[in-house]
Amino acid sequence: MSRYDPSVIEPRWQAAWEAAGAFTARRDPLKPKYYVLEMFPYPSGRIHMGHVRNYTMGDVVARYKSASGFSVLHPMGWDAFGMPAENAAMERGGHPKDWTYGNIADMKAQMKPLGLSIDWSRELATCDPEYYGQQQAMFIDMMEAGLVYRKAAVVNWDPVDMTVLANEQVIDGKGWRSGAAVERRELVQWFFKISDYSEELLGALDGLTNWPEKVRLMQANWIGKSRGLQFAFETVGAPAGFEALEVYTTRPDTLMGASFAAISPDHPLARALEGDPAVAEFVAKCRKGGTSAEEIETAEKIGYDTGIRVKHPLDPNWELPVWIANFILMDYGTGAIFGCPAHDQRDFDFATKYALPIKPVFTADGSDAALAEAFVPMKSEKVHYIRGFAGEAVQTGDEGVAAAIAHAEANGYGKGVTKFRLRDWGISRQRYWGCPIPVVHCPTCGVVPEKKENLPVELPYDVSFDKPGNPLDRHPSWRDCACPKCGAPAKRETDTMDTFVDSSWYYARFTAPRATTPTVAEDADYWMNVDQYIGGIEHAILHLLYSRFFARAMHKTGHLPAKAVEPFSALFTQGMVTHEIYKTTDAAGRPVYHLPEDIIRSEGGATLKDGTKVEVIPSAKMSKSKKNVVDPMNIIASFGADTARWFVMSDSPPERDVEWTSAGAEAAFKHLSRVWSLCSRIGEMPADHKGEGDAELARATARAIDEVTKGIEGFAFNKAIASLYAFTNTIAKANASTPVMKEAIRTLAQLMSPMTPHMAEEVWSYQGGAGLCAQAPWPKADPALLVDDTVTLPIQINGKRRAEISVPKDMAAAEVEKIALANEDVVRFLAGQPVKKIIVVPGRIINVVV
RNA sequence: GCCCGAGUGGCGGAAUGGUAGACGCAGCGGAUUCAAAAUCCGUCGCCGCAAGGCAUGCGAGUUCGAGUCUCGCCUCGGGCACCA
């Protein structure tokens with residue numbers, strides 16, 4: 001065995017795996033199945049360290065499960081539609097399709113050297129007509145199932161990307177991709193009725209016990225269930241048709257503290273009043289105040305008194321003014337509220353500004369003093385109701401709310417309703433590079449779904465990107481078609497689908513990626529669900545919630561079995577790969593960032609190669625703009641894939657961020673080299689070498705198997721790797737006979753194989769392992785070797801460790817006590833004091849209390 | 001503001017309520033070398049010559065025993081948000 005040279009061994013073993021078809025997923029009735037999936041990448045053209053970490057984690061699980069006797073499905077695909085392709089076409093010319101498929105080829109070529117155990121025969125790209133045609137078929141099924149509808153809606157319009165964004169895609173009032181300030185526009189849009197499933201999507205979160213608690217909580221908050229009271233105020237002086245004003249409140253117990261009613265500037269009543277120039281002016285002012293968090297945060301609460309009044313439901317003689325207010329949202333509740341300044345800070349600020357009454361409903365102690373700020377205790381807290389109208393005078397907010405709803409229902413002025421924050425999913429995008437919505441607009445029949453035999457509705461290739469907007473609208477002939485119903489000339493829909501639709505079912509498609517239907521029952525039944533899904537926390541809400549909805553829709557339309565409505569049985573969200581940032585400033589004082597490879601790191605500082613001092617900024621997510629990126633290809637070229645894989649899995653727990661350091665990468669390489677030379681040394685040992693350490697090494701081997709197995713099972717890869725370091729050191733120092741040494745190093749190879757599969761194969765074959773290491777069964781630890789005959793027990797005196805003794809594992813507590821008290825250190829520390837109590841925890845510890 | 005999560009050596013991090021700091025990095029000492037790199041061996045929380053003392057953000061509490069459990073604070077990170 002020569003020097004460790006990954007550039008030689010890695011391609012060799014990759015070829016061997018491919019020749020053996022080692023990773024081809026097969027439905028095997030004799031084996032349990034295991035489906036492991038990492039969130040598929042967007043084909044940007046380059047892989048980054050985050051990909052390496054993500055796919056290595058999945059690969060560790062896949063290889064481990066495969067060795068453990070499972071029939072494993074571990075596929076890979078491309079989330080290939082979306083705007084970067086169009087942006088590239090606009091910026092650099094060329095065609096989105098060519099750009100995308102070119103990137104896929106590039107990225108695949110970069111992923112292959114990582115030696116991932118992926119079944120590439122199942123590869124798919126969402127921009128393949130073979131894929132999106134099936135998506136169109138499901139869209140039509142969902143239309144028939146009543147899960148799709150059109151409506152005119154005020155949408156978030158991204159003026160740069162010239163497209164509509166889902167609410168979920170608006171971040172701080174800006175488009176999530178372009179970063180442009182979002183405007184409001186009204187368009188007719190296609191929607192999925194995800195809100196039909198609000199209750200179910202919320203309730204089913206409880207069953208997702210193998211999901212991070214954090215993600216479940218984020219989804220629950222997003223769905224946002226609330227219980228409250230809806231009732232109508234009778235209006236006085238309102239225009240015709242507005243005799244009643246519906247309001248919704250989650251605090252009906254504060255009804256006696258009402259001091260005004262307020263409506264959103266988008267409320268129909270506000271619109272009806274816009275004939276008044278003063279109202280029109282005020283409403284326009286409200287709409288201008290953009291939606292960015294910064295603006296909202298600093299925006300002053302403003303209101304306009306309409307002069308209309310409403311009658312309090314509990315006292316017809318009590319009238320409240322109706323204001324239009326900028327802080328009332330039209331799309332939550334009914335777009336109208338009653339304000340209770342005493343118990344809501346916003347209402348308090350508003351009332352203070354416009355001199356409206358502030359009357360407490362409840363207080364902490366039953367007094368009725370004037371308030372300096374709103375009193376908003378937890379609903380679970382008990383308070384004294386001084387203007388309550390339902391239930392006990394002293395009760396919790398929750399009880400007060402329940403009593404108020406009961407009171408309203410009993411007296412017929414309102415009813416308890418449950419509302420959700422979750423809104424329907426608008427999927428229309430005015431873009432070219434997406435899945436065409438398969439419907440036709442017919443002058444006589446209206447909106448008609450395309451016939452399934454005409455699918456896929458394929459994107460035309462001959463389009464231009466010289467103007468903003470949707471190229472499909474401008475295409476000379478693509479829109480022209482025959483009405484699927486009456487055959488008359490008609491026009492195609494030009495909206496394409498949100499790319500989140502594409503990623504909402506790809507996991508199901510992987511079970512039968514070439515089928516002529518979206519899924520195949522036997523395949524879906526065998527492979528679903530995804531047993532382990534791995535990806536970034538950034539998809540905690542959107543992608544995962546949409547997928548959960550889509551799986552339900554696919555079940556309803558017959559494309560997935562009932563057991564697959566929660567498609568991801570276990571979810572793991574991995575942390576990012578971070579790196580230090582290196583900064584200098586140019587003559588004009590602007591920051592200049594430098595790539596890690598241009599930096600010379602020395603003790604206490606860093607310089608450029610010409611000696612210029614560089615400022616080192618603490619580790620942050622790798623980003624092109626900060627230039628703190630390490631190209632996986634460079635790492636593979638200098639150290640090999642196994643080193644990159646080993647490093648990203650070591651040190652940090654997988655859910656936490658890992659900092660990439662060149663020292664760490666070199667350390668990983670050094671360790672692999674050490675394993676390599678250890679393997680050589682053992683290979684050169686004479687076959688008849690005898691040593692004294694056989695039993696000891698056998699025990700260490702068993703312990704390593706046990707620890708690494710537990711580490712992988714528990715997603716504690718860093719701990720598995722720590723055990724492997726320790727085991728390597730043990731073997732290196734061991735003096736055992738040749739067969740035991742060989743057994744140990746072969747076991748080491750197997751235990752390392754999920755992380756460093758190429759090195760593992762090389763060691764395995766060199767030490768006479770049968771077949772491929774990748775196909776060898778996972779080693780089992782002999783339970784008898786996991787327990788030691790003697791144990792070392794620390795002895796504490798009053799909780800402080802003072803001595804330790806070594807006793808046989810099964811020694812009776814009384815006997816242990818005797819030995820402990822006779823120990824010379826113990827005697828010395830006790831100094832004759834009487835022992836009050838002695839606690840012996842078998843196999844763990846002894847504590848002497850004086 | 002609300003909801004989560006986390007604070008352990010110089011650093012990344014280990015630790016079913018039971019010997020705090022596994023494993024790795026960096027550091028230090030040594031071997032090898034003409035020398036260096038590489039490699040190997042040893043050492044490595046802080047104070048102290050030592051005995052020993054002090055140490056898991058801070059302060060209490062529960063316990064024979066607390067990094068771990070409870071309560072109150074502080075700091076940092078993440079998510080949500082004029083959501084009625």
Side-chain angles (χ1 to χ4, degrees), chain A residues 172 212-222 224 226 228-229 247-252 254 262 264 289 291 293 295-301 325-329 331-340 343-347 349-350 374 376 378 419-421 537-538 540-541 603-604 619 646-647 650-653 655-668 670-671 673-674 677 707 716 718-729 732-733 792-804 828 836-850:
Chain A
D172 295 339
E213 184 57 37
K214 184 187 169 76
V215 173
R216 292 194 287 166
L217 192 74
M218 282 165 74
Q219 292 218 351
N221 289 341
W222 192 263
S226 69
L229 178 73
V247 299
Y248 172 73
T249 177
T250 54
R251 291 309 297 261
T254 66
S264 162
T291 48
E295 276 177 289
I296 285 165
E297 206 110 338
T298 53
E300 211 189 336
K301 286 165 189 55
N326 65 341
F327 62 93
I328 310 298
L329 298 179
D331 44 15
Y332 189 83
T334 61
I337 61 150
F338 73 80
C340 176
H343 303 296
D344 183 296
Q345 193 58 46
R346 283 159 302 150
D347 293 349
D349 296 344
F350 191 80
V376 192
M378 302 265 283
K419 290 215 185 274
F420 293 92
R421 206 185 80 109
I537 188 79
E538 67 272 19
I541 299 174
E603 223 176 307
S619 223
W646 183 263
F647 180 69
S650 62
D651 287 346
S652 285
E655 68 277 11
R656 251 189 259 178
D657 293 350
V658 63
E659 182 181 16
W660 185 276
T661 60
S662 53
E666 279 158 26
K670 272 185 207 172
H671 177 71
S673 302
R674 214 153 30 226
S677 50
E707 286 172 6
N718 55 324
K719 285 193 259 171
I721 285 181
S723 304
L724 287 167
Y725 271 112
F727 185 39
T728 307
N729 292 339
K733 286 178 184 150
T792 304
L793 294 180
I795 303 172
Q796 295 183 330
I797 295 171
N798 282 346
K800 279 194 189 299
R801 183 183 172 278
R802 295 300 184 188
E804 65 179 37
R828 184 163 57 85
K836 273 194 206 143
K837 199 172 165 188
I838 178 160
I839 292 144
V840 177
V841 184
R844 298 241 65 134
I845 204 163
I846 300 154
N847 194 7
V848 182
V849 188
V850 293

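Labels below follow one simple rule: chain letters A, B, ... track the order of the sequence lines, proteins then strands, and each chain is numbered from 1. This one's a predicted model, so the numbers in the text were calculated from it and none came from an experiment.
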**Q** Rounded to the Å, how far apart are A/Ile797 CD1 and B/C64 C1'?
**A** 13 Å
**Q** From CZ of A/Arg251 over to C1' of B/C2, roughly how many Å is that when rounded to an integer?
**A** 14 Å
**Q** Could you give the CE-to-C1' distance, from A/Met218 to B/C4, as a whole number of Å?
**A** 10 Å
**Q** Expressed as a whole number of angstroms, how long is the span from A/Leu217:CG to B/C80:C1'?
**A** 10 Å
**Q** P atom, B/C74 versus B/C11: distance in rounded Å?
**A** 25 Å
**Q** Would B/G9 be called syn or anti, given that syn covers angles within 90° of 0?
**A** syn
**Q** Return whichever of A/Lys837 or A/Thr249 has its heavy-atom-nearest nucleotide of RNA chain B closer to the 5' end.
**A** A/Lys837
**Q** Take atom C1' in B/U75 and the same atom in B/A31, then report the distance between them in whole Å.
**A** 47 Å
**Q** Between B/A66 and B/G17, how far apart are the P atoms? Round to whole Å, please.
**A** 14 Å
**Q** Mind checking if A/Ser650 touches a base, just sugar-phosphate, or nothing, with heavy atoms under 4.0 Å?
**A** nothing
**Q** Touch check for A/Asp349, heavy atoms < 4.0 angstrom, all strands: base, sugar-phosphate only, or nothing?
**A** nothing
**Q** Tell me the stems RNA chain B sits in, counting at least three consecutive Watson-Crick or G-U wobble pairs, each under 3.5 Å on both distances.
**A** B:1-7 with B:74-80, B:10-12 with B:23-25, B:27-31 with B:39-43, B:45-47 with B:52-54, B:57-61 with B:69-73
**Q** Starting at CZ of A/Arg216 and ending at C1' of B/C3, how long is that distance when rounded to a whole Å?
**A** 16 Å
**Q** To the nearest 0.5 Å, how far apart are CD1 in A/Ile846 and CD1 in A/Ile839?
**A** 11.5 Å
**Q** Testing the basics here: between A/Ser226 and A/Tyr248, what is the closest heavy-atom pair and its distance to 0.1 Å?
**A** OG-OH, 2.8 Å
**Q** Which nucleotide in the list B/A84, B/A81, B/C4 gets nearest to the side chain of A/Trp222?
**A** B/A81
**Q** Determine the interatomic distance between C1' on B/A36 and the same-named atom on B/U32; round to the nearest Å.
**A** 12 Å
**Q** Nearest 0.5 angstrom please: A/Glu659 CD to A/Ser652 OG, how far?
**A** 8.5 Å
**Q** I'd like to check the ring pair (Phe, Tyr, Trp, His ring centres under 6.0 Å) partners of A/Phe338; sequence neighbours left out, ordered by chain and number.
**A** none
**Q** Any N/O pairs under 3.5 Å between the protein and nucleotides 50-56 of chain B? List them or say none.
**A**
from	atom 1	to	atom 2	distance (Å)
B/G53	OP1	A/Arg802	NH2	3.3
B/G53	OP2	A/Arg802	NH1	3.2

**Q** Whether A/Asn729 contacts B/G24 is assessed here as follows: a side-chain N or O lying under 4.0 Å from the phosphate OP1 or OP2. Is that the case?
**A** yes
**Q** Could you grab the distance from atom CG of A/Asn798 to atom NZ of A/Lys836, nearest 0.5 Å is fine?
**A** 7.5 Å
**Q** Does A/Ser264 use its side chain to pair, donor to acceptor, with the backbone of A/Ile328 at less than 3.5 Å?
**A** yes
**Q** Please report, rounded to the nearest Å, how far the P atom of B/A37 is from the CD atom of A/Glu666.
**A** 14 Å
**Q** Nearest 0.5 Å, please: how far is OH in A/Tyr725 from OG in A/Ser650?
**A** 5.5 Å
**Q** Taking the same atom, C1', in B/A15 and in B/G9, what whole-Å distance lies between them?
**A** 15 Å
**Q** Report yes if at least one side-chain N or O of A/Lys214 is closer than 4.0 Å to OP1 or OP2 of B/C4; otherwise report no.
**A** no
**Q** Rounded off to whole Å, could you give me the CD1-to-P distance for the A/Ile537 and B/G79 pair?
**A** 9 Å
**Q** Between CZ of A/Phe647 and OG1 of A/Thr661, what distance do you get to the nearest 0.5 Å?
**A** 4.0 Å
**Q** Nearest whole angstrom, please: distance from the P of B/C83 to the CD1 of A/Ile328.
**A** 9 Å
**Q** Where is the tightest heavy-atom contact between A/Pro794 and A/Arg801, given as atom of each residue plus distance?
**A** CB-NE, 4.2 Å
**Q** Would you tabulate the side-chain donor-acceptor contacts of residues 213-220 of chain A under 3.5 Å, counting partners in other chains and residues two or more places apart, or write 'none'?
**A**
from	atom 1	to	atom 2	distance (Å)
A/Glu213	OE1	A/Arg216	NH2	2.6
A/Arg216	NE	A/Leu208	O	3.4
A/Arg216	NH1	A/Leu205	O	3.2
A/Gln219	OE1	A/Arg548	NH1	2.8
A/Gln219	NE2	A/Ala540	O	2.9

**Q** Distance between the P atoms of B/G1 and B/U56, in whole angstroms?
**A** 30 Å
**Q** How long is the straight-line distance from CD1 of A/Ile337 back to CZ of A/Arg251, given to the nearest 0.5 Å?
**A** 14.0 Å
**Q** What I'd like to find out is whether the side chain of A/Val848 reaches to under 4.5 Å of the side chain of A/Ile797, using heavy atoms alone.
**A** yes
**Q** Determine the interplanar angle of the A/His671 and A/Trp646 rings, folded into 0 to 90°, and report it as parallel if under 30°, tilted if 30 to 60°, perpendicular if over 60°.
**A** parallel
**Q** Identify each atom pair where a protein N or O and an N or O of nucleotides 40-42 of chain B are less than 3.5 Å apart, giving names and distance.
**A**
none

**Q** Provide the distance between the two C1' atoms, one in B/G77 and one in B/A20, to the nearest whole Å.
**A** 25 Å
**Q** What is the minimum heavy-atom distance between A/Asn847 and A/Gly799, and which atoms define it?
**A** OD1-N, 3.2 Å
**Q** Please encode protein proximity along nucleotides 12-22 of chain B as a string of B, S and -, counting only heavy-atom distances under 4.0 Å.
**A** BSSSB-BB--B
**Q** Can you work out whether A/Asp347 or A/Lys670 has the more 5'-proximal nearest nucleotide on RNA chain B?
**A** A/Lys670
**Q** B/A84, B/A81, B/C23: which one has an atom nearest the side-chain heavy atoms of A/Arg421?
**A** B/A81
**Q** Rounding to the closest angstrom, what is the interatomic distance between B/C49 and B/U62 at atom P?
**A** 38 Å
